[in-house]
Number of protein chains: 2
Amino acid sequence: MLEKARRRATIIDVGRHAGVSAKTVSRVLNGEPHVSPAVQQRVRDAAASLHYHPNMLARALVRQRSMLLGLVYENPSASYVVELQRGMLTRLADTPYRLVVFPIASIIERSGEVAGLLRSAGLDGVVLAPPAADDLRILNDLASAGIACARIGPSRAIELAPSNIVDDITAAREIATHVIELGHRTIGIIKGHASHAASEARTMGYSQAFYAAGLPMRLDLVEQGDFTRESGHAAAERLLARAEAPTAILAQNDDMAVGALLAARERGLTVPDDLTLVGFDDSEISRICWPPLTTVRQPVFEMAREATDMVIAQLEDRPPLLRHDHPHDLLIRASTAAPPRS
Amino acid sequence: MLEKARRRATIIDVGRHAGVSAKTVSRVLNGEPHVSPAVQQRVRDAAASLHYHPNMLARALVRQRSMLLGLVYENPSASYVVELQRGMLTRLADTPYRLVVFPIASIIERSGEVAGLLRSAGLDGVVLAPPAADDLRILNDLASAGIACARIGPSRAIELAPSNIVDDITAAREIATHVIELGHRTIGIIKGHASHAASEARTMGYSQAFYAAGLPMRLDLVEQGDFTRESGHAAAERLLARAEAPTAILAQNDDMAVGALLAARERGLTVPDDLTLVGFDDSEISRICWPPLTTVRQPVFEMAREATDMVIAQLEDRPPLLRHDHPHDLLIRASTAAPPRS
DNA sequence: GTGAAAGCGCTAACAA
DNA sequence: TTGTTAGCGCTTTCAC
């Protein structure tokens, strides 16, 4: 059978056991100086024999520090979320901070509640992923609640809070240029959710590439998605059902591109022979699916790690980096080719 | 500019503002009876005008409840982890509980530390995914620390703590039987990490299927993996390099099967024409890769949701379900076919 | 219906 | 080098 839960030993119990005051125990446990080695040892022994573990809740109350950091995100792409978490957890390893996750269904609609939610959770700091990273209301509420924050991929008001940025416009222009240079002229676009500012930025990048190549921006070939695979599937179906179907599709993230890939497959189209397809993000599935997707690598992991560092810096009263520009990479893989000559 | 952080209003401030005592404020905020409607309204108004938010840390200390639930897992497969989190978060929506994630590098080696880690994090409860779910040491430490827990996919000591179970042996037998019935006789196996009890169980299921079909259990065709795609890739390479290469490979999860798929492709083999391949778990990539994998669906999402419910039941002093058996499904997709006639 | 006092387990400030 | 006192912000007695 399992042992019974017994009353938890407190710092006072340990002190009594070691024949010292509670404060001395506290000093030893927190590695403060000015405690004789002999007493230190007595305290440690007493703590061990009583199975003492500090009560984080009490410590948190008096120190005004919960050691809890939040991650706020909307829930579109599993691989994106995993990368965010990995980045934060990597920075948090061997620190006393813990990661609390806050997937918010619709951040824009609920932006008024979000800060209250984070505040009542007693967080010390948060990392804001899109689209929360662009929500000024949340930023403001966080500041007035005294919660440290850092942002990933904001597009607006960069100077307002520490930001990790990648140049979405340039990245989108580069991937669109690659497709145009392969010879495509009828090019469909699957946009991400409108509440993400990155969606606008990427569309602008595409349009710059079209303009530079002397191609018109065909608004009739722009379909709205929401960053989910399902939405990419549906959008691709609409595009491919056109009388004048595109020979290439630019999807604004990899999940939607994979959805488009499945849609193409269902119509008997082979990628890239019949249809060129590109994504965005270099998420794991872009490498796993077949063919692997031409995409743009966003250093999500590094941005999350860096954002976490920015938050911790604030909590430790070090001046945080206010802005970190991250590089992107155009990754040309097997999903792009010249258009079929029909 | 952002607003300045101002001192947080306390229950006493609200009381003063409303002309009542702190206790009355507490009563109103916690919905306790015996407060006149007029006073209730005054208190609510005062709280709103002072932007009062309860301090969870103080409440946690006095109530001995942090409202924090942990999820403990090792980090093999991203899609698996995401499903676990989704399941927990679904149950946690509209409750005051928060989710704290604990990816532990090597649970078996660090089993002694894990409970201490969870205890010092001040968790009220935890959901244990494999292989922590099978670690008696952790279970025991958790019980003696008075932390509620529930398990996902344990193979041992089922009665020791609330468990969510799928019948790995039967599931593995079914998928192996499917492969055998297609006509395969030389069948390779890629095992998962030995620390996961599910790995043993699945191997047993395979062996039952072999026995029932009158086939020998070929230990020379069993390769060790660790549930990662890379390990599946390496194991498949070893299998396919044999003089007598298998015509089918049973991988113990989908990630390893995808690794094997890539290995086969590199050797110029087509799945399923040249090689039949099956996975386990029905994780997202099993549907996205090409060909989609024949696999066994494990209701990871439902198990996580149910496990969370078991934990909450304990915290609310309701008797938790002690055991929940979940169904599995054999999903026959395009990665399995009759062996090539050579 | 409402309030005063005590205390959750810990640490900061000050004494000794 | 060590101990004492006073809280952190809230909830729990138990009075009124």
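Lettering of chains follows the sequences in order, A, B, ..., and the numbering in each one begins at 1.
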Enquirer: Between dG9(C), dG9(D), dA13(C), spot the one nearest the side chain of Ala58(B), thanks.
Expert: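 When the side chain of Ala58(B) is considered, dG9(D) is the closest of dG9(C), dG9(D), dA13(C).
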Enquirer: Side chain of Val39(A) only, please: which of dG9(C), dG3(D), dT2(D) is the nearest?
Expert: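 From the listed options, dT2(D) comes nearest.
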Enquirer: Between dG9(C) atom P and Leu57(A) atom CG, what is the distance in whole Å?
Expert: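 Whole-Å distance recorded here is 11 Å.
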Enquirer: Side chain of Thr24(B), heavy atoms from C-beta onward: which of dT1(D), dT11(C), dG3(C) has the nearest atom to it?
Expert: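 Per side-chain heavy atoms of Thr24(B), the pick is dG3(C).
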Enquirer: Quick one: does any side-chain atom of Asn30(A) pair with a main-chain N or O of Glu32(A) as donor and acceptor, under 3.5 Å?
Expert: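 Looks like no, no N/O pair under 3.5 Å.
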Enquirer: Look at the side chain of Leu61(A) and decide which nucleotide, out of dT2(D), dC8(D), dG3(C), has an atom nearest to it.
Expert: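 Selected nucleotide: dC8(D).
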Enquirer: Given 3.5 Å as the limit, does a donor-acceptor pair link the side chain of Arg8(B) with the main chain of Pro54(B), or not?
Expert: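 Answer holds: yes.
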Enquirer: Would you kindly give the CZ-to-P distance between Arg65(A) and dG9(C), to the nearest whole Å?
Expert: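 Computing the Arg65(A):CZ to dG9(C):P distance gives 24 Å.
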Enquirer: Would a distance-only check, ignoring hydrogens and angles, find a side-chain to backbone donor-acceptor pair under 3.5 Å from Ser163(B) to Ile158(B)?
Expert: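 Such a contact is found between Ser163(B) side chain and Ile158(B) backbone.
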Enquirer: Could you work out which one of dG3(D), dG9(D), dT11(D) sits closest to the side chain of Arg27(A)?
Expert: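 Closest of the options to the side chain of Arg27(A): dG3(D).
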Enquirer: Is the backbone of Ile152(B) close enough, under 3.5 Å, to the side chain of Asn164(B) for a donor and an acceptor to pair up by distance?
Expert: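 Absent.
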Enquirer: How would you label the contact of Pro54(B) with the nucleic acid (heavy atoms, under 4.0 Å): base, sugar-phosphate, or nothing?
Expert: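 Result for Pro54(B) = sugar-phosphate.
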Enquirer: Salt-bridge test for Asp13(A) and Arg16(A): reply yes if a basic N is under 4.0 Å from a carboxylate O, no otherwise.
Expert: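 Yes.
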Enquirer: Check the distance between dA4(C)'s P and Ile12(B)'s CD1 and give it to me in whole angstrom.
Expert: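 Taking atom P of dA4(C) as the reference, CD1 of Ile12(B) is at 11 Å.
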Enquirer: I need the CD-C1' distance between Glu32(A) and dA13(C), as an integer number of Å.
Expert: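 These atoms are roughly 12 Å apart.
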Enquirer: Quickly work out the Arg63(A) CZ to dG7(D) C1' distance and round it to whole Å.
Expert: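 In whole Å, dG7(D) C1' and Arg63(A) CZ are 16 Å from each other.
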Enquirer: Sub-3.5 Å donor-acceptor pair from the side chain of Glu74(A) to the main-chain atoms of Pro131(A), do we have one?
Expert: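 Here the side-chain-to-backbone pair does not exist.
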Enquirer: Of the candidate nucleotides dT13(D), dC10(C), dG9(D), which contains the atom at the shortest distance from the side chain of Arg59(A)?
Expert: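 For the Arg59(A) side chain, the nearest candidate turns out to be dC10(C).
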Enquirer: Distance alone, cut at 3.5 Å: any donor-acceptor contact between the side chains of Thr90(A) and Arg305(A)?
Expert: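 No, because no side-chain N or O of Thr90(A) sits under 3.5 Å from a partner of the opposite role on Arg305(A).
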Enquirer: Quick one: bend of the helix from dG1(C)-dC16(D) to dA16(C)-dT1(D) from 5 pairs per end, to 10°?
Expert: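 Here the local axes at opposite ends form an angle of 40°.
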Enquirer: I want to verify a distance call: between dA4(C), dG7(D), dG9(D), whose nearest atom is closest to the Val62(B) side chain?
Expert: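 The answer is dG9(D).
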Enquirer: Indicate yes or no: at least one non-hydrogen side-chain atom of Leu84(B) is less than 4.5 angstrom from one of Phe301(B).
Expert: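 Leu84(B) vs Phe301(B): side chains apart.
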Enquirer: Could you please name the option among dG3(C), dG3(D), dG9(C) that lies closest to any side-chain atom of Ser21(B)?
Expert: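 Side chain of Ser21(B) sits closest to dG3(C).
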Enquirer: Mind calculating the distance between CG (Leu29(B)) and P (dT11(D)) to the nearest angstrom?
Expert: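 Those two atoms, CG and P, are 7 Å apart.
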Enquirer: Once you round it to whole Å, what is the distance between P of dG3(D) and CZ of Arg16(A)?
Expert: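 Checked: the CZ to P distance equals 14 Å.
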Enquirer: Need to verify one output field. Residue with the more 5' nearest nucleotide on DNA chain C, Asn55(A) or His34(B)?
Expert: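 Final value for this comparison: His34(B).
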Enquirer: To the side chain of Ile11(B), which of dT12(D), dC10(D), dC10(C) is closest?
Expert: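 The closest nucleotide is dC10(D).
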Enquirer: Could you tell me the separation between the NZ atom of Lys23(B) and the C1' atom of dA15(D), rounded to a whole number of Å?
Expert: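 Going from NZ in Lys23(B) over to C1' in dA15(D) covers 14 Å.
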Enquirer: Report yes if a side-chain nitrogen or oxygen of Gln64(B) is closer than 4.0 Å to either non-bridging phosphate oxygen (OP1 or OP2) of dG9(C); otherwise report no.
Expert: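 Checking dG9(C) against Gln64(B), a side-chain N or O does come within under 4.0 Å of OP1 or OP2.
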Enquirer: Give a yes/no on whether any side-chain N or O of Ser26(B) is located under 4.0 angstrom from OP1 or OP2 of dT11(D).
Expert: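 For Ser26(B), the contact criterion (side-chain N or O under 4.0 Å from OP1 or OP2 of dT11(D)) is met.
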